[in-house]
Number of protein chains: 2
Amino acid sequence: MALHAETVARRAPLNRERVLQTAVDLADAGGIEDLSMRRLAQELGVVPMALYKHVANKEELLDGMVEIVVREIDAPDPDSDWKTAVRQRILSARRALLRHPWGRRVLESRNAPTPTVLAYMDSMIGMLRSGGLSIDLTHHVMHAIGSRMFGFSQELFTENGSAAADVTLPAATLAQIAAIYPNIAEVVARASHDEASVVGSGCDDQFEFEFSLDLLLDGFERLHLQRWSSTQPS
Amino acid sequence: MALHAETVARRAPLNRERVLQTAVDLADAGGIEDLSMRRLAQELGVVPMALYKHVANKEELLDGMVEIVVREIDAPDPDSDWKTAVRQRILSARRALLRHPWGRRVLESRNAPTPTVLAYMDSMIGMLRSGGLSIDLTHHVMHAIGSRMFGFSQELFTENGSAAADVTLPAATLAQIAAIYPNIAEVVARASHDEASVVGSGCDDQFEFEFSLDLLLDGFERLHLQRWSSTQPS
DNA sequence: ACCTGAACACCGTTCAAGT
DNA sequence: ACCTGAACACCGTTCAAGT
């Protein structure tokens with residue numbers, strides 16, 4: 001009896017908030033593949049089925065985790081012009097995603113947007129409209145930004161560290177690669193020469209992200225200034 | 001004895017080619033989530049362990065499936081200018097991916113690029129270099145295109161059909177959504193009005209893909225013409 | 001009313017035994 | 001040498017029994 005009471009008292013009462021936050025912590029620490037309902041229950045000191053009191057199923061758990069990540073994105077700066085404000089906000093989203101590397105994969109696996117995601121999108125549209133962009137242009141801009149608005153890049157093979165064109169192989173095999181893929185070798189050689197300070201990939205992810213983001217934003221601005229319309233393409 | 005001989009004769013001899021092609025067919029028909037080693041073995045009329053004679057593990061199976069998809073991408077047209085040739089090739093990649101909707105997810109899950117993927121990237125770099133782009137610009141262009149070179153879009157919640165901003169809900173709840181997300185509602189209302197002919201999403205995926213692809217390609221061309229360099233940003 | 005153990009229907013893969 | 005059944009260590013979730 002006493003033992004039983006002590007056991008109950010020792011563990012903090014489970015609630016949805018604590019379930020979600022522990023799931024986030026687990027994914028942050030061990031990656032999303034280490035997160036299972038059974039593993040999460042173990043971490044919380046309960047039996048797996050106890051979780052189903054607070055989340056309907058694993059999908060709802062993942063939805064809740066997405067909400068936590070998206071809520072970390074800074075509010076828009078009302079004093080900046082639309083392009084600067086959008087840029088800053090997306091860079092803030094990227095920082096949130098760097099804190100939670102599993103966020104990208106999980107967000108992309110969702111079937112439907114959660115309320116927080118919809119609110120973020122609504123806010124983003126509002127920023128573009130406040131900048132004077134037409135509804136038409138805003139619509140296509142939202143498609144063009146796509147999940148980049150959450151700070152996703154669209155790079156190759158970055159999930160697990162190194163990008164495809166980046167070579168962490170010994171120089172011996174690099175020569176062999178050059179024989180088969182001469183163009184890749186040329187680019188890699190140049191990149192590693194220019195940016196030798198960057199360890200690992202040899203590429204500056206932040207630079208690459210801003211490079212493509214700015215290319216798109218500049219394109220949007222150009223279309224806006226020339227009063228682009230989808231019915232009369234230039 | 002006779003029965004046994006008949007059983008052996010009835011099933012075509014297993015080989016790597018047939019294992020991979022059957023896996024592709026299964027994924028095409030039932031989605032990637034229906035593809036398991038056990039399910040694939042069943043389809044081929046063998047015991048699960050028989051597959052491990054032809055592929056080391058499931059990862060290698062998925063690699064092989066990626067190779068099949070990427071090999072379907074058309075070769076570059078040597079007579080077109082670089083921008084047109086790149087554009088055509090990426091649109092061909094997109095068609096391949098539309099035939100194998102699981103391709104995106106599987107390709108993104110790979111840890112390292114397969115030989116066919118590397119060859120495709122090498123060829124893409126070659127096209128840019130032939131167009132006169134500097135190694136420096138080519139490098140950053142490759143990052144900026146990223147997985148879009150395989151025909152991936154970066155749209156939201158498109159995996160399972162409808163994009164986030166698209167409303168397939170009854171009009172009654174649309175009004176409720178408008179109260180909470182007025183900016184989304186405004187864009188959706190306009191889009192469904194303009195493109196009422198398109199069923200489902202109300203958005204023309206092909207148009208959106210080409211819109212952002214051309215924005216990027218035009219940006220690349222502009223940087224090339226003004227002799228852009230990463231060491232001296234404009 | 002609440003909690004929970006056992007069970008179900010799956011996974012990918014290992015391993016040892018059988019032919 | 002080749003093939004294969006059983007087993008291992010997992011999943012998410014259901015369900016009925018226990019308190």
Side-chain angles (χ1 to χ4, degrees), chain A residues 1-16 18-20 22-24 26-27 29-66 102 105-106 109-112 160, chain B residues 1-16 18-20 22-24 26-27 29-66 102 105-106 109-112 160:
Chain A
M1 287 287 276
L3 246 176
H4 183 248
E6 190 190 7
T7 306
V8 169
R10 199 186 317 178
R11 73 169 181 241
L14 217 56
N15 56 47
R16 187 183 161 90
R18 213 160 74 84
V19 168
L20 296 179
T22 305
V24 166
L26 261 181
I32 195 68
E33 65 277 6
D34 273 25
L35 179 72
S36 68
M37 296 298 275
R38 295 169 114 104
R39 176 82 185 76
L40 177 57
Q42 186 190 322
E43 190 75 14
L44 288 162
V46 297
V47 83
M49 271 313 294
L51 300 175
Y52 289 80
K53 278 267 137 55
H54 304 96
V55 288
N57 47 39
K58 191 173 186 183
E59 292 297 297
E60 199 179 292
L61 176 79
L62 294 172
D63 276 343
M65 293 170 70
V66 165
W102 46 269
R105 191 170 288 239
V106 173
S109 73
R110 300 304 77 212
N111 288 337
N160 301 288
Chain B
M1 286 288 276
L3 245 176
H4 183 248
E6 189 190 10
T7 306
V8 169
R10 199 185 320 180
R11 72 170 180 243
L14 218 55
N15 56 47
R16 189 183 159 89
R18 214 160 73 84
V19 168
L20 296 180
T22 306
V24 166
L26 262 180
I32 194 67
E33 65 277 6
D34 273 26
L35 180 73
S36 68
M37 296 299 275
R38 296 170 113 102
R39 177 81 184 77
L40 176 57
Q42 187 190 320
E43 190 74 14
L44 288 162
V46 298
V47 84
M49 271 313 293
L51 299 176
Y52 289 80
K53 279 266 138 55
H54 305 96
V55 288
N57 48 38
K58 191 173 185 183
E59 293 297 297
E60 200 179 291
L61 176 79
L62 294 173
D63 276 343
M65 293 170 70
V66 164
W102 46 268
R105 189 170 292 237
V106 172
S109 74
R110 300 304 76 210
N111 288 339
N160 300 287

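All chains are named by letter (A, B, ...) in the order of the sequence lines, taking the proteins before the strands, and each is independently numbered beginning at 1. In this text the structure is predicted, and so the values were computed from the model without any measurement.
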Starting from [atom2] on [N], measure out to [atom1] on [X] and report it in whole angstrom.
{"X": "Q42(A)", "N": "dC11(D)", "atom1": "CD", "atom2": "C1'", "result": "14 Å"}
{"X": "L44(B)", "N": "dC3(D)", "atom1": "CG", "atom2": "C1'", "result": "16 Å"}
{"X": "Y52(A)", "N": "dT13(D)", "atom1": "OH", "atom2": "P", "result": "4 Å"}
{"X": "R39(A)", "N": "dC10(D)", "atom1": "CZ", "atom2": "C1'", "result": "13 Å"}
{"X": "E33(A)", "N": "dC11(C)", "atom1": "CD", "atom2": "C1'", "result": "16 Å"}
{"X": "L51(B)", "N": "dT13(C)", "atom1": "CG", "atom2": "C1'", "result": "12 Å"}
{"X": "I32(A)", "N": "dC11(D)", "atom1": "CD1", "atom2": "P", "result": "13 Å"}
{"X": "E59(A)", "N": "dT13(D)", "atom1": "CD", "atom2": "P", "result": "8 Å"}

Among [options], find the nucleotide with the atom closest to the side chain of [X].
{"X": "V47(B)", "options": "dT4(C), dT4(D), dG12(D)", "value": "dT4(D)"}
{"X": "R38(A)", "options": "dG5(C), dC3(D), dT13(D)", "value": "dT13(D)"}
{"X": "K58(A)", "options": "dG12(D), dC3(D), dG5(D)", "value": "dG12(D)"}
{"X": "M49(A)", "options": "dG5(C), dT13(C), dT4(D)", "value": "dG5(C)"}
{"X": "S36(A)", "options": "dT4(C), dT13(C), dC11(D)", "value": "dC11(D)"}

query = Would you say R110(B) and E59(B) make side-chain contact, with heavy atoms under 4.5 Å?
reply = yes
request  = Please confirm whether the backbone N or O of E60(B) pairs with a side-chain atom of N57(B), one donor and one acceptor, at under 3.5 Å?
outcome  = yes
query = Looking only at atom types and distance, does a side-chain atom of R16(B) sit under 3.5 Å from a main-chain N or O of H54(B), one as donor and one as acceptor?
reply = yes
query = Within the structure shown, what part of the strands sits under 4.0 Å from M37(B) by heavy-atom distance: base, sugar-phosphate, or nothing?
reply = sugar-phosphate
task = Specify the closest pair of heavy atoms between S36(B) and K58(B), including all atoms of both residues, with the distance to one decimal.
result = CA-NZ, 4.2 Å
message = Please find the pair of heavy atoms, one from L26(A) and one from L40(A), that lie closest to each other, and give the distance.
response = CD1-CA, 3.8 Å
ask   = Does dT13(D) have a Watson-Crick or wobble mate here (both distances under 3.5 Å), and if so which one?
value = dA7(C)
request  = Look through every strand shown and name the nucleotide pairing with dA1(C) as Watson-Crick or G-U wobble, where both distances are under 3.5 Å.
outcome  = dT19(D)
